[in-house]
There are 2 protein chains.
Amino acid sequence: MRDRISPARRPGYSVDTVLLTPVGRHLAVLLVRAPEGSGERWVVPWGLPKAHDAALSDTGARIARSALATAPSWMHQVGAFSDGRRHPSDADLTIGFVGTVPLGAHVAPGEDSAWFPIIELPPLSPRQRAIIDSSVALLRVKADSAPVAFRLLPSTFTLSDLQRVYEMLLGQRLHKASFRRALQAATLVEPTEEWRSEGRGRPAQLFKYAPRRRRRARRGLRFDQVHAW
Amino acid sequence: MRDRISPARRPGYSVDTVLLTPVGRHLAVLLVRAPEGSGERWVVPWGLPKAHDAALSDTGARIARSALATAPSWMHQVGAFSDGRRHPSDADLTIGFVGTVPLGAHVAPGEDSAWFPIIELPPLSPRQRAIIDSSVALLRVKADSAPVAFRLLPSTFTLSDLQRVYEMLLGQRLHKASFRRALQAATLVEPTEEWRSEGRGRPAQLFKYAPRRRRRARRGLRFDQVHAW
DNA sequence: TCAATAGTGTCTGTTAGACATTATGGA
DNA sequence: TCCATAATGTCTAACAGACACTATTGA
């Protein structure tokens with residue numbers, strides 16, 4: 001029993017955008033306040049396709065820009081979702097997108113939106129919850145196949161910033177010396193002339209993303225990870 | 001009510017199933033003959049959702065079973081596709097699924113369907129081509145995070161079979177001794193009492209998939225892979 | 001001065017890849 | 001017999017992780 005809206009008027013599909021940015025040691029997702037009496041108090045920014053959206057990604061980008069007042073640094077489709085009963089839209093089908101916002105680049109969200117660490121999400125509709133989970137999983141998968149980590153950082157950053165981003169993407173702490181050695185070997189970053197001092201401790205040199213050469217194939221073979229499907 | 005497609009309205013979305021099985025040293029995809037005059041001669045098995053499909057995956061599973069005359073050993077959604085002009089259906093939107101068929105488990109396809117190695121695909125609609133490419137990419141990503149490789153093999157197999165499957169998923173040749181050492185460490189397989197002789201050479205022992213314990217976290221960190229988005 | 005963070009050098013156990021060797025069948 | 005494939009043992013260079021140490025700031 002879905003909402004009593006004339007079936008002919010029911011939208012074909014809706015689009016959700018899961019926007020992620022680093023906050024502290026965790027990823028955070030942008031949620032917007034839901035209208036009163038809609039079941040949940042917070043929802044993922046969503047919308048419906050419009051005639052001038054040539055591609056699916058145009059719809060996602062439009063919704064993201066509207067929620068952020070700026071464009072995300074990266075977006076990717078997560079998939080189509082139909083299970084789970086409630087969704088803010090009445091659509092049977094929702095296409096999910098994940099987007100990134102660089103560290104510190106988000107304007108302070110107003111009263112109608114807020115960044116929630118993914119380990120402390122408020123109650124959400126089952127479908128939106130599933131889309132968020134898939135979005136984080138996708139970002140984590142992309143972390144070691146493409147430098148999506150740098151989309152979560154501004155154009156210059158400290159190596160400690162970068163390590164924290166990798167740690168939140170990989171979900172585990174990393175060894176500092178090993179991290180920097182691997183980074184050196186990968187020639188992904190270049191130092192700048194700038195330094196940044198934050199509170200106590202020695203100031204850190206700022207680096208920029210500057211991939212120089214293709215890495216050679218990974219050494220070896222792994223039968224790792226969970227066995228779950 | 002979704003199955004009642006009024007003639008005036010185009011269907012909301014179609015579902016494509018990309019079914020993959022090992023053939024020789026490459027993955028092959030099942031294609032079915034297209035009706036005369038439809039633009040292409042071969043198409044990926046596809047269909048439209050029906051009322052009794054509770055979830056998206058039900059539609060995909062139904063289409064796959066119909067094309068195979070059996071159920072695939074594994075299925076996963078690939079995503080939603082809308083770009084590319086032509087598609088066998090008239091739908092603006094296509095949800096793609098990828099499925100696996102174990103080595104040798106496919107019945108000889110009749111005149112109306114055939115397995116094509118993914119390196120020698122016939123002309124296809126742009127959208128279906130994109131869905132195939134994404135399906136293969138998804139399977140390759142899953143190869144080292146879950147033992148999807150075993151879904152491409154029958155219940156017992158030789159270690160050379162397994163290595164060939166990993167090679168087609170990873171897209172590179174592997175070192176035999178290293179492969180077996182890593183496999184041993186992963187405790188993913190157990191030997192059976194059976195042996196199989198194929199042509200010349202020493203007969204190979206048959207193994208079965210029997211994961212015994214969780215692997216410990218991967219050692220180290222990689223900044224590998226391509227930098228392309 | 002102490003505390004905190006940045007950054008680097010060295011050592012060691014692990015291991016991926018190379019190579020060699022034996023085993024066992026078919027042609 | 002020759003050849004092809006299976007299966008395994010050994011060696012070595014590479015390297016992840018541990019540890020220690022210096023450097024440089026703010027409190």
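Throughout, a chain's letter reflects where its sequence line sits, starting with A, and its residues are numbered from 1. Everything numeric here is computed off the predicted structure, so don't read it as measured data. Quick note: numbers below take in every heavy atom, side chains included, and nothing from hydrogens, waters or symmetry partners.
- If you take CZ of A:F179 and C1' of C:dA6, they are 14 Å apart, rounded to a whole angstrom.
- Open room surrounds CZ on B:R129; 12 or fewer heavy atoms of other groups in view lie less than 6.0 Å from it.
- Comparing A:H175 and A:G199 by the nucleotide of DNA chain D that holds the closest heavy atom to each, the one mapping nearer the 5' end is A:H175.
- Contacts of A:Q205 with the nucleic acid, taken as non-hydrogen atoms under 4.0 Å apart, involve only primed sugar atoms and P, OP1 or OP2.
- Both A:G201 and A:R180 lie near DNA chain C, and the one whose nearest nucleotide falls closer to the 5' end is A:G201.
- Between A:Q184 atom CD and C:dG9 atom C1' there is a gap of 13 Å when expressed in whole angstrom units.
- Nearest nucleotide to the side chain of B:R202, out of D:dG17, D:dA27, C:dT24: C:dT24.
- In the set D:dT25, D:dA7, C:dG7, D:dT25 carries the atom at the smallest distance from any side-chain atom of A:P203.
- A:M168 and A:R140 get closest at one heavy-atom pair: O-NH2, 3.2 Å.
- At a cut-off of 3.5 angstrom, the base of C:dG17 holds at least one donor-acceptor pair with the side chain of B:R181.
- Closest-nucleotide positions on DNA chain D for B:A177 and B:R164 were compared, and the one nearer the 5' end corresponds to B:R164.
- Which of D:dT8, C:dA6, D:dA27 sits closest to the side chain of A:S160 comes down to C:dA6.
- Listed nucleotides D:dC19, C:dA27, C:dG7 differ in distance to B:R200; the shortest reach to its side chain belongs to C:dA27.
- In this structure, A:F150 has its ring center closer than 6.0 angstrom to the ring center of A:F157.
- A:Q128 places a side-chain N or O within 3.5 Å of a backbone atom of A:V44 that can act as its donor or acceptor partner.
- The distance from atom CZ of A:R173 to atom P of D:dG17 is 14 Å, rounded to the nearest whole Å.
- With rounding to whole Å, B:K176 atom NZ is found 6 Å from D:dA7 atom C1'.
- Donor-acceptor pairing under 3.5 Å, judged by distance alone, is present between the side chain of B:S178 and the base of C:dG17.
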